[in-house]
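Data block below; observations after.
In what follows, chains are A, B, ... by sequence order, proteins preceding strands, each numbered from 1. All figures in this text were calculated on a predicted structure; none of them were measured in a lab.
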Amino acid sequence: MEHYIDQWKTIIAAHLRTIADKKGIVDFSLTLNDIIAEKPPKPELGDIGFPMFAFAKQFRLSPAQIASEVAQSEQLLKDENEKRDWPGNLKAVGPYLNVYLERTRAVTFLLSNAANPDWGSSAVFSGRKVMIEFSCPNTNKPLHLGHLRNNVLGESLSRIMKAAGAEVKKVNLINDRGVHICKSMLAYLAYGEGRTPEDEGLKSDHFVGKYYVLFNKLKEEDPQAEQKAQELLQKWEAGDPEVIALWKKMNDWAVDGIMETYRRQQVSFDEYHFEHETYKLGKKEVLEGLERGVFYRGEDGAIWIDLEDLGLGKKVLLRKDGTSIYITQDIGTAIMRHESWPFDQLIYVVASEQQYHFKVLFEVLKRLGYDWASSLYHLSYGLVNLPTGRMKTREGTVVDADDLIDELARLAAVEIAEKGRADAVGDIQSVAGQIALGALHYYLLQISPAKDMLYNPEQSLSFTGDTGPYIQYMGARASSILRKHDQGEGNAAQGIPKANLLSSDADWPLVRTLMELPSIIEESAKGKDPSILAGYAHAVASEFSAWYRDNPVLINEDPNLSASRLALVRAVKSVLMRASELLCVPFLEAM
RNA sequence: GCGUUCGUAGCUCAGCUGGAUAGAGCGACGGACUUCGAAUCCGUAGGCCGCAGGUUCGAGUCCUGCCGGACGCACCA
């Protein structure tokens, strides 16, 4: 079914064309995009508002005149309403044309569709293959708060794109080689004495991270440490069996631990790429580009690209000794990915500090002649800071991902106990864990990706306001009402839902908000911005909360009223479940 | 210095391609539990939208300059 806003845009457009004809304007062209639809500031003003300013000049009429003329001719076509999916009345209010939707039709539509668990999905991206790269951890230390933002952004965006019809492939490039991991190895050789994570009772990635930190100590004791790390890297690249064995052991520890964190965070990947397998890719491409004159060899022997014309300066693509650097690898990886799975779009979820890198990368691929280079997209997100300042490894102000989730879960468990909900929720540990994830994920997604954000531990732990737990709570309340009905409470079972019983001014704001789910999902997908959906989820929860306070659901004099309201609660639950799922906020039947 | 980006209520943030009286949440203050779970709800206070120009019928939104913050400007990743 056509979206209600689009349908009314079409109607308005037809009327505007009629006016243009009457005025004898020959070169009048109009697309639906030229018509702006907005939500009137007050509900009394209608459900959709169309400002007419834009057409005033061409028609040589005041916006108000245009509005009233359209409204009048719409009156003459009243019988058309019967044929429309979204009937309604058009009214001129000053320079605005406002639509009042026929409420019973809208309610009927909502009730018959919202129960479908797939409702809200759209087809805007259907048939499109979208690859999304995110997380991409280093294997020398555990994940921290910044990774959590990256992970949840990538996971949520993947789910949203899928809901918008795309075929999605989630990929993760594990940075498992390089001098950083050699430092952990070196420190382990110096202080590890062959111990294992089990010996020290540490999660395996934390164990590796501990030695990475210990490298700082090693540097103080051994001024040659940095150089030794480089030597170790060279041995690794030469395939020294002992070095490889150690690398593999430590790498497995790190990766195993990181995977464990993914499971806890409930994010997953369809494909893993490992840097030790990909780091040599791209060299051939760069050399071919050199032959074709896309790149040039500098006096220093390295291969360069000149991007001065774009204001991006000059950039090395391959070292003079022929070895790859970061960007060489990314060139090769992108090509390899497109060959194995010809995507229509590849989205890199990577922090904003790498904007320059991706500009260069995309330009290089374009100049190499890959037409799909224009479909590469860097979803740049801002850094996560703390109220106390920036996270710094050296200052020990990094918030560890596992520790944070533990702490949130612990506090949620305390809260459950204090509220006396222990018996009602059953498995406290499990529910507390879900609340922790809801709190964390919602907090991270609520803010537009591009912005740097402040992670306020105190506020993220707050269970009131614009938070994940609030949304979970409203979902649990809706579930609770439905559960009570299933257990035989109330008289809804004796009635049948009637759309006209849900069309009052008290119901309408909630109904209208619920109807917006499909367009919100579409908007989030197009903008690659889960925060739009997060704001919507909060609006639904908040409107539901106000509505059920004033409107008893289970028992009413008229059983039909109970049945109708119960159906609306079902729609609320369905919409909250869908939004929660897309936001990686676990839905809870009880909390 | 150059580039990118941000600057909206005490705090954290919304405000879509310019459009109707700039909105939430937190915090503050005042109310609401014999009634589907008060982790809730209702109300009040709080803003020269960084500053100054410009474009427009109309600017928080676009352009220019300035001020302030963040990030980048490696043969690191």
Side-chain angles (χ1 to χ4, degrees), chain A residues 33-34 36-38 40-42 45 49 51-54 56-57 62-63 93-96 98 136 138 175 177-180 275 298 300-304 311-313 315-321 323-330 351-357 359 380 382-383 385 387 390 412 415-416 418-421 424 435 443 446-448 450-456 458-460 462-467 469-470 472-474 476-478 480-485 489-490 523 526-527 529 531-532 534-535 538-539 542 545-546 548-555 565-566 569 590-591:
Chain A
N33 286 336
D34 298 326
I36 295 158
E38 54 187 47
K42 283 194 286 191
L45 289 171
M52 288 294 113
F53 301 96
K57 197 174 266 179
S62 75
V93 183
Y96 292 88
N98 292 344
C136 305
N138 288 334
N175 298 305
R177 67 162 283 282
V179 75
H180 51 85
E275 199 190 348
D300 52 8
I303 297 177
W304 293 75
L312 294 173
K315 180 84 189 166
V316 171
L317 300 180
L318 197 65
R319 291 195 188 96
K320 66 175 170 202
D321 61 6
T323 56
S324 299
I325 55 176
Y326 181 51
I327 193 159
T328 327
Q329 168 198 242
D330 266 356
S352 59
E353 26 185 31
Q354 295 196 36
Q355 284 184 53
Y356 171 71
H357 168 75
K359 276 185 189 163
S380 163
L383 270 40
N385 295 312
R390 200 176 162 182
E415 190 76 13
I416 291 169
E418 277 179 6
K419 297 285 172 193
R421 299 285 306 159
I435 292 172
Y443 195 90
Q446 188 198 9
I447 287 153
S448 320
K451 289 202 172 173
D452 286 352
M453 64 175 286
L454 197 70
Y455 174 70
N456 186 329
E458 215 168 287
Q459 196 179 315
S460 89
S462 157
F463 291 83
T464 61
D466 189 4
T467 66
Y470 174 75
Q472 291 176 311
Y473 177 64
M474 287 307 155
R477 293 301 301 273
S480 168
I481 292 171
L482 294 170
R483 203 160 42 236
K484 283 201 154 54
H485 167 262
E489 282 190 41
E523 205 185 320
K526 281 183 183 163
D529 185 355
S531 75
I532 296 169
H538 178 257
S542 162
S545 176
Y548 84 76
R549 172 180 48 97
D550 296 330
N551 298 280
V553 176
L554 293 173
I555 296 198
R565 287 180 177 169
L566 195 75
V569 174
M591 64 187 280

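With P as the reference atom, B/A20 and B/U64 are 25 Å apart, rounded to whole Å. When the P atom is compared between B/C49 and B/U8, the two are found 11 Å apart, to the nearest whole Å. Atom C1' of B/G1 sits at a distance of 36 Å from the matching atom of B/A14, rounded to the whole Å. For the P atom pair drawn from B/A77 and B/G60, the interatomic distance equals 47 Å after rounding to whole Å. Only the P atoms considered, B/A9 is 10 Å distant from B/G47, to the nearest whole Å.
One atom, CD of A/Glu38, and another, P of B/U17, lie 13 Å apart when rounded to the nearest Å. Computed from coordinates, the A/Asn385 CG to B/G69 P distance equals 15 Å when rounded to whole Å. Rounded to whole Å, atom C1' of B/A77 lies 7 Å from atom CG of A/Asn138. Following rounding to the nearest Å, A/Ile36 (CD1) and B/G18 (C1') show an atom-to-atom distance of 8 Å. What separates OH of A/Tyr548 from C1' of B/U35 is a distance of 13 Å, to the nearest Å. At whole-Å resolution of the value, CG in A/Leu482 and C1' in B/G37 are 14 Å apart. The distance between atom CG of A/Asp529 and atom C1' of B/G15, rounded to the nearest whole Å, is 13 Å. Atom CE in A/Met453 sits about 17 Å away from atom P in B/C11, given to the nearest Å.
In this structure, A/Ser380 and A/Gln355 approach most closely via the heavy-atom pair OG-NE2, 3.6 Å. Residue A/Ala590 comes nearest to A/Arg483 through the heavy atom pair CB-NH2, 4.1 Å, listed as atom of the first residue, atom of the second, then distance. Taking all atoms of both residues into account, the shortest heavy-atom contact from A/Pro469 to A/Ile435 is CG-CG2, 4.1 Å. Between A/Leu383 and A/Asp452, the shortest heavy-atom contact is N-OD1, 2.9 Å. In terms of heavy atoms, A/Gly49 sits closest to A/Asn98 at CA-OD1, 3.4 Å.
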Footprint string (nucleotides 22-33 of chain B, 5' to 3'): B base within contact, S backbone only, - free, heavy atoms under 4.0 Å: --SSS-------
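Ring geometry for A/Tyr455 versus A/Tyr443: interplanar angle over 60°, hence perpendicular rather than tilted (30 to 60°).
Residues A/Tyr473 and A/Ser545 fail the side-chain proximity criterion, which asks for heavy atoms closer than 4.5 Å. Looking only at side-chain heavy atoms (C-beta outward), A/His357 and A/Asp330 come within less than 4.5 Å of each other.
A distance cut-off of 5.5 Å between ring centres, combined with a plane angle under 30°, places A/Phe53 in a stacking arrangement with the base of B/G19.
No contact: A/Asp330 has no heavy atom under 4.0 Å from any strand. Within 4.0 Å of A/Pro469, counting heavy atoms only, lies no atom of the nucleic acid at all. Among the atoms of the strands shown, none is found under 4.0 Å from any heavy atom of A/Glu489.
Heavy-atom nearest nucleotides on RNA chain B were determined for A/Trp304 and for A/Gly49, and the one closer to the 5' end corresponds to A/Gly49. Both A/Ala546 and A/Ala476 sit near RNA chain B, but only A/Ala476 has its closest nucleotide nearer the 5' end.
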5'-to-3' dot-bracket of RNA chain B (Watson-Crick, G-U; under 3.5 angstrom; crossing pairs as [ ]; | other strand): (((((((..((((.....[...)))).(((((.......))))).....(((((..]....))))))))))))....
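Taking CG of A/Leu554 as the start and CZ of A/Arg565 as the end, the distance is 11.0 Å to the nearest 0.5 Å. The distance from the CD1 atom of A/Ile303 to the NZ atom of A/Lys315 is 14.5 Å, given to the nearest 0.5 Å.
The side chain of A/Tyr470 lies closest to B/U40, out of B/U40, B/A39, B/A20.
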Output one line per pair: protein atom, nucleotide atom from nucleotides 4-8 of chain B, and distance, for all N/O pairs under 3.5 Å.
residue, atom, partner, partner atom, Å
B/U4, O2', A/Gln355, OE1, 3.0

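Applying the side chain to side chain donor-acceptor pair (under 3.5 Å) test to A/Gln446 and every residue at least two apart in sequence or in another chain returns A/Asp466. Here A/Thr328 pairs with A/Val286, A/Leu318, A/Ser324, A/Ile325 under the side-chain contact (heavy atoms from CB on, under 4.5 Å) rule; sequence neighbours left out. With sequence neighbours excluded, the residues that form a side chain to side chain donor-acceptor pair (under 3.5 Å) with A/Glu275 are A/Arg177.
Against the 90° criterion about 0, the sugar-base torsion of B/C57 places it in the anti range.
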